[in-house]
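Working notes for the structure below.
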Amino acid sequence: MDLRLDGLSVELGGEPIVRALTLDVPDGQVVGLVGPNGSGKSTALRCVYRALRPDAGRVWLGAEDLSSLSLRLSAQRVAALTQESGSDLDFTVEEVVALGRAPHLRGNQALSARERDLCRNAMELLDVAHLAHRGVLELSGGERQRVLVARALAQEPRVLVLDEPTNHLDVRHQVELLSLVRGAGITVLVVLHDLNLASAACDRIGVLSEGALVAAGTPDEVLTPALLREVFGIEASVVPHPLTGDPQVLYRLPPRPGHLDSVMSRKASHDDQRS
Amino acid sequence: MRQLSVPPDEPRQAHSPDPRSASTPAPAGPRRVRRLSTPAGAALAAVVLGAVLAVSMVLAIGLGSALVPPGETVRYLWAALTGGAIQADEVVRYQIIWQIRTPRVILAALVGAGLGVVGVAVQAMVRNALADPYILGVSSGASVGAVLVGVFGALSALGVYAVSAGAFLGALVATLLVYLIAYSRTGVTPLRLVLTGVALSFGFQAVMSVIIYLAPSSEATSTVLFWSMGSFGAATWGSLPVVAAVVVLGAVMLRGLARPLDVMALGDETAASLGIGADRLRRWLFALTAVMTGAMVAVSGAIGFVGLVIPHIVRMLVGADHRRVLTVAPLVGAVFMVWVDLASRVAAAPRELPLGVITALIGVPVFITLMRRRGYLFGGR
């Protein structure tokens with residue numbers, strides 16, 4: 001199902017956070033959203049999973065305007081992994097994953113046998129089936145993150161929205177999660193901080209800076225040294241991956257300064273220049 | 001449009017057998033064993049607790065300064081319900097059982113059940129393990145209402161129910177004030193609600209102190225003790241129907257919201273992504289719990305500790321799932337309160353101890369024991 005952010009603008013407390021953001025996420029593709037801290041990535045995602053109402057613009061789901069759907073109906077189509085860390089209460093892993101079925105059920109209606117299988121499969125895909133009867137509060141951050149992704153998959157979404165899904169995950173689970181997301185065949189909009197993972201996982205990448213889209217295209221088109229310098233303020237080389245050919249970003253730290261004092265004074269003068 | 005399909009037989013990624021599951025066996029020992037945390041376990045607990053409640057009520061009705069054996073108690077109750085006959089020399093005992101103790105024990109069970117359920121709902125609503133039914137200013141508002149009626153004779157048209165009505169109105173006005181003050185453009189956040197409730201409680205208590213200080217009669221002081229510590233001493237058949245209807249209806253409605261409450265516990269944003277508008281649900285819960293608490297405070301005063309601790313005890317027993325918690329919590333609350341009321345009547349007879357004292361004296365050790373025995377996490381490590 002196509003997802004389209006159409007002229008999305010959000011203000012929070014009088015500050016513009018997202019400015020006229022237009023981004024297409026074609027059916028079945030994985031589109032990444034990258035950008036520096038505070039560039040409005042999470043805020044844009046919030047509008048897609050209905051936690052925030054945009055001040056202007058629309059989110060289109062196929063031919064439907066998302067705001068014309070009830071929360072419940074849009075939750076049947078769009079699942080999200082938010083930045084919230086899980087739960088206040090000590091639900092078991094199994095119970096949290098089962099809550100992914102909430103938008104498909106009426107009231108306290110029990111899960112059908114098919115739905116229980118679905119939840120079990122989602123837990124196995126995310127490698128958390130062995131934790132099924134553990135309380136979520138006693139899991140490590142990475143385990144909990146995988147439980148939350150399993151919950152989103154149990155929702156059977158057509159569009160999956162992921163806000164920094166690789167947070168807290170070890171390298172193996174980062175790679176597994178993104179390959180799973182890629183192979184799931186659903187439309188995915190994902191915020192990632194790791195540009196190399198974004199390059200490997202995404203069909204297209206959009207770059208946000210100060211709330212506005214400054215570049216969008218395939219990883220090859222977007223991840224260039226010039227853009228990295230301009231948007232992220234870093235010096236980096238971009239080389240093709242030896243096996244896949246995906247652009248990979250190699251960072252270079254600035255020359256080592258003498259000690260901390262010189263770092264602080266350099267930073268101060270740098271800030272002066274910026275302001 | 002493609003649906004996400006999760007093929008059951010798709011080979012697992014290359015790493016199976018999983019080296020981690022081999023190196024970290026499932027944790028054994030009592031820490032994670034919650035035998036009752038399945039639907040069947042909770043149903044069993046509910047049946048057992050229901051039986052315990054029935055027995056407790058019969059015993060509590062029979063026990064007191066005039067001791068009536070359980071068999072005789074049941075016979076009197078049966079006679080009262082079916083219009084049967086009793087001996088002439090039994091009339092006094094019958095009166096004690098049917099007119100005084102039965103409504104009192106029923107009220108205790110109702111209020112215990114109601115406080116348990118409302119405690120669960122309020123803790124979920126403000127997302128705070130320390131919340132109880134009175135945290136949003138309900139009890140202190142009710143006290144102000146009751147004292148105003150008692151001292152200035154307002155609402156005298158309502159006769160013997162004037163003080164209760166004043167307390168109920170005071171409770172509702174207080175919660176409305178808390179809500180309006182906590183309200184902001186971004187909605188009502190849990191923390192704002194709690195802070196406003198706590199702050200306004202202090203304000204109401206100050207108002208009450210001023211009224212008592214300036215009041216012409218000394219009666220106001222005992223009124224305040226009643227409202228702030230709680231008692232079922234004023235229970236009559238006439239005072240039961242309203243509170244019974246409100247508590248039972250409210251408990252059923254909250255039970256119906258079990259899954260939305262589960263979803264809201266995952267966080268407001270996640271709730272939105274699962275189709276639950278947390279703001280709207282919170283408004284509705286706020287109104288429902290305010291009316292329930294107000295109705296209970298109006299007939300029994302504010303009985304502390306129960307609404308705070310029963311939810312935690314129940315979660316230790318049956319896990320966090322609100323369908324189970326909201327089934328078991330009213331029964332645990334009712335049983336607990338029936339025994340607390342009995343203790344308050346007989347411990348220092350012929351004087352009655354305030355209920356708040358007993359709930360804390362019994363509840364604290366029970367709670368500490370349970371907490372230390374089980375690996376229960378109060379919303380965090």
Side-chain angles (χ1 to χ4, degrees), chain A residues 1 27-28 46 49-51 62 70-76 78-80 82-92 95-96 99-100 102-103 105 107-110 117-118 121-122 124-125 127 130 133-135 137-138 148 151-153 155-158 160-161 172 176 179-180 184-186, chain B residues 1-8 10 12-13 15 18 20-21 24-27 31-32 34 37 39 123-124 127-129 185-186 255-278 280 315 319-323 325 375-381:
Chain A
M1 181 175 257
D27 182 32
R46 279 190 195 115
Y49 60 75
R50 303 291 297 275
S70 70
L71 275 185
R72 187 181 145 82
L73 278 178
S74 50
Q76 290 175 1
V78 181
T82 70
Q83 296 235 357
E84 287 168 331
S85 63
S87 162
D88 308 316
L89 301 173
D90 200 12
F91 292 102
T92 63
E95 285 166 352
V96 168
L99 285 178
L105 297 169
N108 291 339
Q109 191 188 350
D117 284 349
L118 189 77
N121 287 333
E124 275 168 12
L125 279 177
D127 192 18
H130 61 290
H133 299 291
R134 294 269 293 275
L137 294 183
E138 63 175 72
L148 296 179
R151 193 218 63 224
L153 290 185
Q155 211 168 329
E156 283 187 299
R158 294 172 192 170
L160 187 56
V161 179
R172 186 188 106 196
E176 279 181 13
S179 59
L180 174 70
I186 47 176
Chain B
M1 281 181 290
R2 270 174 285 177
Q3 287 270 8
L4 166 68
S5 57
V6 186
E10 181 181 274
R12 290 279 302 279
Q13 281 103 338
H15 61 269
D18 189 338
R20 290 181 62 250
S21 52
T24 53
R31 221 166 111 14
R32 262 296 126 195
R34 291 190 298 208
S37 60
Q123 286 176 1
R127 198 168 286 153
N128 192 322
R185 266 181 312 138
T186 51
R255 176 66 174 66
L257 291 172
R259 187 171 280 131
L261 286 171
D262 285 351
V263 171
M264 199 164 76
L266 299 179
D268 285 10
E269 299 208 339
T270 307
S273 82
L274 285 166
I276 303 288
R280 214 172 126 195
R315 285 193 212 104
D321 184 306
H322 279 99
R323 269 164 300 170
V325 171
Y376 177 69
L377 302 170
F378 292 82
R381 293 223 62 147

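Just so you know, these numbers come straight off a predicted model, no measurement behind them. Chain letters run A, B, ... following the sequence lines, proteins first and then strands; every chain starts at 1.
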Just to verify, what does Gln109(A) make a side chain to side chain donor-acceptor pair (under 3.5 Å) with, not counting sequence neighbours? none
To the nearest 0.5 Å, tell me how far Leu99(A) CG sits from Met264(B) CE. 13.0 Å
Nearest 0.5 Å please: distance from the CG atom of Leu89(A) over to the NE2 atom of His322(B). 5.5 Å
Just so I know, are the side chains of Leu71(A) and Ile276(B) near enough to count as touching, which here means a heavy-atom distance under 4.5 Å? no
Is there side-chain contact between Asp262(B) and Glu95(A), with heavy atoms separated by less than 4.5 Å? no
Is there a side chain to side chain contact (heavy atoms under 4.5 Å, CB included) between Arg72(A) and Leu274(B)? Walk through the geometry before answering. CA-CA 7 Å; Arg72(A) 187 181 145 82; Leu274(B) 285 166; over 6 Å; no
N/O donor-acceptor pair under 3.5 Å between [X] side chain and [Y] backbone:
| X | Y | value |
| --- | --- | --- |
| Asp321(B) | Phe91(A) | no |
| Gln155(A) | Ser273(B) | yes |
| Glu84(A) | Thr270(B) | yes |

Taking every non-hydrogen pair under 4.5 Å, which of Ala102(A), Pro103(A), Ala110(A) racks up the most with chain B? Pro103(A)
Are Asp90(A) and Arg315(B) close enough, and set up right, to give a side chain to side chain contact (heavy atoms under 4.5 Å, CB included), and what steps lead you there? CA-CA 9 Å; Asp90(A) 200 12; Arg315(B) 285 193 212 104; over 6 Å; no
Which of Ala272(B), Pro260(B), Ala271(B) touches chain A most, by non-hydrogen pairs under 4.5 Å: Ala272(B)
